[in-house]
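Atom set for the values below is all heavy atoms of this structure, side chains included, hydrogens, waters and symmetry mates excluded. Numbering of residues begins at 1 and proceeds along the displayed sequence. Because the structure is a prediction, the values reported are computed rather than measured.
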Amino acid sequence: MLRYHEATKHSPARVAGSRHRLDWVNQPLPFKVYRDLEPMPLPLSIEPSRKPALRSLRELLAVQSGAERIPSLEDVARLCILSNGITRVRRLAGGGEIAFRAAGTTGALYHVELYLVCRELPDLPAGVYHFGAHDNALRRLRAGDHRARLVEATGGEPSVARAPALIVATSTFWRNAWKYEARAWRHAFWDTGTVIANLLALAGGSDLPPRVVVGFADNPVNELVGADGVSEAAVCLVALGTTPDGPPPAPPAAPLDLRTLPVSARDVRYPLIEEAQAASSLESGTAAAAWRSRFAALRDGAIDADAADRIRLPRLSDTRDEPIEAVIRRRG
């Protein structure tokens, strides 16, 4: 990992000496598009939250997972479309168009993909779904309730075990490496963060308890959503909602063999990215739980800076009544 960071950090000499030029003919497609799966269009008429945006953000950590909270299909639409979907399109004078996404990524290359793993929800059967940002629709990759596989991959993380729905966020590295070369592995985490920031704010506005989980056994999660772990790999999970019962045993999950449009005419591989991804992967749920336990005190607020070292910021007031959905669309 240290070798990766040393090799990809910016310096005046490195930037000045770069010979990299953008190959516009080989520019990657900013969407993952399945050739043969039927779309399940999500409702586009999303009702705004009843809370102003700043209140949604302030209360996010206070959203408790006590009472049962099951996401609806409208909740799924809100979370997917307003975290990683197309929110507006600009027509260009000379022809063509630019599609603006709900969350920005480095270079506007949009390499983050979202998958939904859920039990049966209102108006949505249990399954593993891909969210297609190009048409704001779901496509079912697997039928049945596969949440138990994520529980096992996280070593029994309680928020995952209680969640009726989970988001798996992945990065397709080449889409970003086309411009940024091996530094794209850094951007996988930065850019996923912008998407997840939207998703968390939306969850707070909907009183839908969220929990981000970044420690998990990589191979089982990648296999579940059909990512190969090399060109596309899982970056994080987000547990959504709460239910008193854990998931049932998962049905069999054969390897997915689903046709997608090529990302570009020719993919360029960067060994540094593949080595960093492999070096940072965890092998089992037990290893994932042990890794997370090292940071549990920080996560739960048990470790705090000395009061004298704190800089207190002024409390923000809700000077606008905009809900979080309106803010995301305006900022897009």
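- No donor-acceptor distance shorter than 3.5 angstrom exists from the side chain of T192 to the backbone of F189, with no hydrogens or angles considered.
- Taking 4.5 Å as the limit, every side-chain heavy atom of L199 sits out of range of all side-chain heavy atoms of P210.
- For the residue pair D75 and S72, a side-chain donor N or O sits within less than 3.5 Å of a side-chain acceptor on the partner.
- Residues L200 and N198 are not in side-chain contact: their nearest non-hydrogen atoms beyond the backbone lie 4.5 Å or more apart.
- At least one side-chain heavy atom of I70 sits under 4.5 Å from a side-chain heavy atom of T243.
- Here the CZ atom belonging to R139 is positioned 12.0 Å from the NZ atom belonging to K32, to the nearest 0.5 angstrom.
- To the nearest 0.5 angstrom, L37 atom CG is 12.0 Å from Y129 atom OH.
- Cluster annotation: V263 is connected to V235 through the hydrophobic network of ILVMFWY side chains, with a link wherever side-chain heavy atoms come within less than 4.5 Å.
- Side-chain contact between L150 and F216: absent, with no pair of heavy atoms (C-beta onward) separated by less than 4.5 Å.
- Taking all atoms of both residues into account, the shortest heavy-atom contact from E283 to A287 is N-CB, 4.5 Å.
- For the atom pair L261 CG and Y34 OH, the distance stands at 11.5 Å (nearest 0.5 Å).
- Under the 3.5 Å distance criterion, the side-chain polar atoms of W185 are left unmatched by any main-chain donor or acceptor of A276.
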Start with the C-alpha gap between L258 and D36, add the side-chain angles, then the distance that decides, and say whether side chain to side chain contact (heavy atoms under 4.5 Å, CB included) holds.
-> CA-CA 8 Å; L258 300 170; D36 306 315; over 6 Å; no
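- In the hydrophobic clustering of ILVMFWY residues, with side-chain heavy atoms under 4.5 Å counting as a link, W24 and L109 come out together.
- If you take CG on L82 and CG on N136, they are separated by 9.0 Å, rounding to the nearest 0.5 Å.
- Between A254 and R142 the shortest heavy-atom distance is O-NH1, 2.7 Å.
- A donor-acceptor contact closer than 3.5 angstrom is absent between the side chains of H111 and T172.
- The side-chain heavy atoms of P48 and E325, taken from C-beta on, include a pair separated by under 4.5 Å.
- Under the 3.5 Å distance criterion, the side-chain polar atoms of R183 are matched with a main-chain donor or acceptor of T8.
- The two atoms that bring A163 and R147 nearest to each other are O-NH1, 2.9 Å, heavy atoms only.
- Closest approach of A188 and F173 over heavy atoms only: CB-CE2, 3.9 Å.
- Within 6.0 Å of atom CD in Q277, more than 12 heavy atoms from other residues, nucleotides or ligands are found, so the atom counts as buried in its surroundings.
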Without placing hydrogens or testing angles, list every side-chain donor-acceptor pair under 3.5 Å for residues 220-229, not counting sequence neighbours.
residue	atom	partner	partner atom	Å
N222	OD1	A234	N	2.8
N222	ND2	D218	O	3.2
D228	OD1	V230	N	2.8
D228	OD1	S231	N	2.8
D228	OD1	S231	OG	3.1
D228	OD1	E232	N	3.1
D228	OD2	S231	OG	2.6

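- Judged by distance alone, the side chains of S264 and Q27 never bring a donor and an acceptor atom under 3.5 Å apart.
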Test E68 against R162 for salt bridge (charged side-chain N to carboxylate O under 4.0 Å, His left out), laying out the working first.
-> CA-CA 9 Å; E68 183 175 72; R162 292 192 303 265; over 6 Å; no
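- For the pair D145 and E120, the minimum side-chain heavy-atom distance is 4.5 Å or more.
- Counted within 6.0 Å of CZ on R35, heavy atoms from surrounding residues, nucleotides or ligands total more than 12; the atom is thus considered enclosed.
- Below 30°, between 30° and 60°, or above 60°: for Y180 and H187 the angle between ring planes is above 60°, a perpendicular geometry.
- Between the S206 side chain and the A203 main chain, no donor and acceptor come within less than 3.5 Å of each other.
- Of the possible polar contacts, one joining the R149 side chain to the P251 backbone as a donor-acceptor pair under 3.5 Å is found.
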Checking side chain to side chain contact (heavy atoms under 4.5 Å, CB included) for the pair W291/V214: CA distance, chi angles, key distance, verdict?
-> CA-CA 10 Å; W291 182 85; V214 294; 3.9 Å; yes
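- Looking at residues two or more places apart in sequence or on another chain, you find a ring-ring contact (aromatic ring centres under 6.0 Å, His included) between H134 and F31.
- A 4.5 Å side-chain heavy-atom check between R119 and P247 finds every atom pair outside the cut-off.
- Here the shortest heavy-atom pairing between A137 and P41 reads CB-CA, 3.9 Å.
- Contact of the R211 side chain with the V160 side chain is not registered, since no non-hydrogen atoms from C-beta on lie closer than 4.5 Å.
- Of the possible donor and acceptor atoms, none in the side chain of R69 sits under 3.5 Å from a partner among the backbone N and O of T242.
- In terms of hydrophobic clustering, with Ile, Leu, Val, Met, Phe, Trp and Tyr side chains grouped at heavy-atom distances under 4.5 Å, I81 and L124 are assigned to a common cluster.
- Between the R266 side chain and the N26 main chain, no donor and acceptor come within less than 3.5 Å of each other.
- Not a single donor-acceptor pair under 3.5 Å links the side chain of R140 to the backbone N or O of P39.
- The same ILVMFWY cluster, assembled from side-chain heavy atoms under 4.5 Å apart, contains both I46 and L114.
- With hydrogens and angles disregarded, no donor-acceptor distance shorter than 3.5 Å links the side chain of K9 to the backbone of Y4.
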Assess whether side chain to side chain contact (heavy atoms under 4.5 Å, CB included) is satisfied between I98 and V89, documenting all intermediate values.
-> CA-CA 6 Å; I98 298 176; V89 176; over 6 Å; no
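- The shortest non-hydrogen separation linking S18 to E181 is OG-OE1, 4.1 Å.
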CA sep, side-chain torsions, deciding dist, call: V238, L240, side chain to side chain contact (heavy atoms under 4.5 Å, CB included) | CA-CA 6 Å; V238 183; L240 295 165; 4.0 Å; yes
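- A donor-acceptor pair under 3.5 Å links the side-chain atoms of N84 to the main chain of V112, judged by distance alone.
- A distance of 7.5 Å separates CG of L73 from CE of M40, quoted to the nearest 0.5 Å.
- Donor-acceptor pairing under 3.5 Å is lacking for the side chains of T87 and R101.
- Taken from CH2 in W174 to CG in L29, the straight-line distance is 13.0 Å, to the nearest 0.5 Å.
- When hydrophobic clusters are built by joining Ile, Leu, Val, Met, Phe, Trp and Tyr residues whose side-chain heavy atoms come closer than 4.5 Å, directly or via intermediates, L138 is not grouped with Y110.
- Using a 4.0 Å cut-off between charged side-chain N and carboxylate O, R3 and E275 make a salt bridge.
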